[in-house]
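Here's the structure, in structure tokens; my notes come after.
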Amino acid sequence: MKKGIHFLKKHFIATLVILLWIKTVAISFISFQLPIHSWVDIVLIVISPLGIIMIILGFGFLFKKQVPPVTMLIIYLLMIGLVYANLLYYRFYIDFVTVSVFLQLHNVGGLGPSTAELVSPFDLLLFLDLIILGLVVIRIKKTKQKQPVPNKKKYTIISMTLVVLTFVLALTKNPYLLETGYNRKELVQSLGLYNYQIVNMIDGLKAPIMKVLADETDVEEITSNVGRKPTRAHEEFGIAKGKNLVLISLESTQNFVINQKINGEEITPFLNDFIKNSYYFTNIYDQAAQGKTSDAEFMINTGLYPLPSGSVFVRRSTNEFYSLPKILANKRNYTAVSFHGNDATFWNREEMYETLGYKRFFSKKDYHVTDENSVNYGIKDIPFFEQSMNKLKTLPEPYMANFLTLTNHFPFLLDEEDQTIRPADTSVEVVNRYVTTVNYEDAALRRFFELVKEKGLYEDSIFVIYGDHYGISQKYEKGVYELLERQDTPLNHLQLQRLPVIIHVPGEQGKIVNTVGGTIDIYATILELMGIRDDQFINFSQNLFTKDDKDPVIFRNGSIVTIDYAYIGGSCYDKKSGETVDTTKCEKYLKKARKELQTSDELILGDLFRFIPY
Ligand code: GP9
Ligand code: MN
């Protein structure tokens, strides 16, 4: 033991570098499912962290005459902390931490009451060496001997060369790597966790500069880039003209629950009936990113993509935007309001709603919230709808009313007395509970429609009901596969990312629409139903009644899906055969994805709508 400590003391720097390197590489292989297509990918995962680890740990001694062991151990600990933060975040979101996520941490609902759920006893392995390293540091302090400092010149050259080599290799493999900085899995796989974090930080710094540098001249280029085709005529155009528009966001609701039975009981009996007299869109994919519900709201309100990192609601709430509330107010004299039982400041809604043109936000403080009528993140959906009714009744018509439900939020908690369906019996508790909270949400919708009918608010309205984003993260998907008796494959995972979108216009029969689309397309679809041509405004949304299935649905990480192909996890799939095919088959869609995402980011980060008159 003594000998060992003596050895570590002598080679303190090398020990820290190697330990951190091994841990980082091990986690990259074991915990982050990074796509590996060739030996270059493996080489990159192995070498990419080394150079930058040397540089960062080197700060502890490069500018000093001798090695300060405590400082170095602290740097080491911080770096392990960073790895661990990413590990926890990854377990739930299958994504990596960005600077924006740190800044909006108080809003990242998913990690709040559920961190315990994400921790594993094996995580201790990451920190065990700290005991021995601590002893070594005490020993160094006690003996008061000078620690040998490596040859600084050599150390710097080796570490710099490793970093440069990493970037050269990574960019040779994918020249678009830095341009598509939103594909975080690929960034981490090619540059390693630490270089990725630095690239992300630089991106974050670029954002405010983009706004300052932007001017009218940028708009022309953007407008030509968006290049919108005029929307084809269709019989649903204008069928809801002049009606009140009611939007209902279904928290964490995925499409697989519709028409699905558990032990002979329907999970969503109300919706299963309701879709028979509605437009039910069966192939709408979740395009939300790190902003979760707020991203879905942003897409539906503006027809723009969410930001590559963080939430537009938090990062860009003082921008100018075209939005449904503003368009409806300008063209049709609508008043827009929003209803949500959580704090007004959560996800910065209070500020962003004003920017988007909402005239009033009924938030937690407008509801009678007690311990009895709350669960998990706030007031339960049934009392939420009940208490909203009188507020809705007093609105001047025509109105746009936006409702956000909340009960069906991870980790899907529900009081026994509210459970009207037995939990599922898969091996994943989260999925078993999910069934009960979705079933409660369905009952809340039933209550909502009873009430609007009772109050005479039904006939003159159009109702747009949509799942905001996935509820069952990939970590827990195994339970869903058990429930649906399906295999865990990349394409089945993709299919699970579909969300229910239901549009109900009283007096219209409705129909099932199988168009392949995404959350962003709800915007144009609503405008068209309201009798306003969607192509007058700059946006990336496509009317779902006329959208071409061959046009890709674009995910924020640059992946795509069309009726024929899907590009996910770095592979191109032929959806019919389920086989991977040559990437060239997906390339034209990926090109479109890069261009659209980049243009949308430029519009938002440059705050370009301030130069575009209505
Ligand atoms: C809570 C709502 C839900 O106000 O935003 O949380 P999220 O789904 O965004 O984590
Ligand atoms: Mn949500």
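Counting starts at 1 for both ligands and their atoms, in listed order. It should be emphasised that the depicted structure is a prediction, and the values quoted were computed from it without experimental measurement. Computed from heavy atoms alone, side chains included, the values below leave out hydrogens, waters and symmetry copies.
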* **Under 3.5 Å: donor-acceptor pair, side chain of Glu320, backbone of Phe609** => no
Per ring pair (Phe, Tyr, Trp, His ring centres under 6.0 Å), His504 is matched among Phe448, Tyr280, Tyr458 by Tyr458
Can you find an N/O atom of Thr293 closer than 3.5 Å to an N/O atom of ligand 1?
yes
Review point. Looking at Tyr470, does the NZ or CZ of Lys292 lie under 6.0 angstrom from its six-membered ring centre and within 45 degrees of the ring axis?
Key: yes
Heavy-atom proximity to atom 5 (O) of ligand 1, picking from His340, Glu251, Arg349, points to Arg349
Does either side chain, that of [X] or that of [Y], offer a donor lying less than 3.5 Å from an acceptor on the other one?
X      : Y      : result
Tyr182 : Gln598 : no
Asn86  : Gln197 : yes
Glu251 : Thr407 : no
Ser363 : Glu350 : no

Next on the checklist: Check this for me: Glu265, atom CD, are more than 12 non-hydrogen atoms of other residues, nucleotides or ligands nearer than 6.0 Å?
Outcome noted: yes
For a 4.5 angstrom cut-off between non-hydrogen side-chain atoms, does Asn439 reach Pro269? yes
Residue [X] vicinity, atoms of ligand 1 by number, heavy atom under 4.0 Å:
X      : result
Asn342 : 1 (C), 4 (O)
Phe346 : 1 (C), 4 (O)
His469 : 8 (O)

Quick look: Leu406 vs ligand 1, heavy-atom contacts under 4.0 Å, and the answer is side chain
Ignoring waters, protein N/O/S atoms under 2.8 Å from the Mn ion (ligand 2) are Glu251 OE1, Glu251 OE2, Thr293 OG1, Asp468 OD2, His469 NE2
